[in-house]
Amino acid sequence: MQTATTLDMLRNALAKLRHAGSTVALVPTMGALHEGHLALVREARAKCDHVVASIFVNPTQFGPNEDLDAYPRQLAQDSAMLEAEGVALLWAPTLEAMYPDGFATTISVSGVSEGQCGAARPGHFDGVATVVCKLFNQVMPDMAFFGEKDFQQLAVIRAMARDLDLTRPHVRDIVGVPTVREADGLAMSSRNRYLSQRDRAAAAALPRAMKAAIAAIEAGEDVGQALAALKDALLGAGFDRIDYAELVDSTSLAALDSVNCVPARLLVAARIGGTRLIDNMGVSIKGQYQQA
Ligand code: AMP
């Protein structure tokens, strides 16, 4: 596996990788890799000839009071994990390579980026859209892989790529990969390591309460009541605050107060012991289709 830290190194390495007819996948990450990231790499390897993984802790997507400085950095360990997975090229740009002096452009996607995490973390998705647009232009991958774990991020990136014509001729496909979970159901996240042993145990209440809410909604219970019960369950389990718990249209992310004939998703962000956890799950509307 080669590692590039400057744009020149990246371009040279990409030129050597690309040959007639070969396909290149991009897997963007912020490092501190776990099985969730590796699932993206494996999917990318299955679909493309070469995988480029990026590791960049992007400062522009962190708010002033967020965990940029504390965010785990372990490049040597991550690099070994990527190499073992058959990644061809690691793009680990320096801060200067990504944001040279005088950098002045921001991409802002309205609509899908405004609710949920966008409301709770002002500016976050501008930082994400801008850095991902740069990564797309730098690597020009045939396919790019993102986790459904960050469901709103995936929606923002799809909208940005569509609106800025990034989907043709490059980035032919933006692939969403299902969330990888721990044995007790907690979605894997680089931030789980911030949790104390007690909070880690309590955090399993998040997927459990979400499943219970989804079962209630799918059984025809009132959405508002199911969401209220979900919030109560989280607060009862030791969560300190719920940023949001919403049933949304899976494409527009507009809030729904009932499950109608659009694919729906339950999105939750909640805080425990100073750590903010997010999760999302699909809500089936099978019963309604069967009745129709
Ligand atoms: P991050 O390093 O947190 O920015 O994540 C990099 C990529 O990995 C994003 O596309 C995430 O959605 C994805 N990802 C993170 N955690 C998981 C997980 N548990 N399962 C699947 N994908 C994940």
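Indexing begins at 1, ligand by ligand and atom by atom, following the structure's order. These numbers come from a predicted model, not from an experiment.
- Contact record, Val112 with Thr251: CG1-O, 3.8 Å, taken as the closest heavy-atom pair.
- Relative orientation of the Phe56 and Tyr99 rings is tilted, given thresholds of 30° and 60° on the angle between their planes.
- Around ligand 1 you find Pro28, Thr29, Met30, His34, Gly36, His37, Leu40, Tyr71, Phe146, Gly147, Lys149, Asp150, Gln153, Pro178, Thr179, Val180, Met188, each with a heavy-atom distance below 4.0 Å.
- Salt bridge status for Glu35 with Arg42: present, with a side-chain N to carboxylate O gap under 4.0 Å.
- Under a 3.5 Å cut-off, the side chain of Asn58 and the backbone N or O of Gly127 do form a donor-acceptor pair.
- Side-chain contact of Asp126 with Ser108: a donor-acceptor pair under 3.5 Å is present, judged by distance alone.
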Val268 vs Leu230, side-chain contact (heavy atoms from CB on, under 4.5 Å): CA-CA, chis, key distance, verdict: CA-CA 10 Å; Val268 181; Leu230 186 162; 4.3 Å; yes
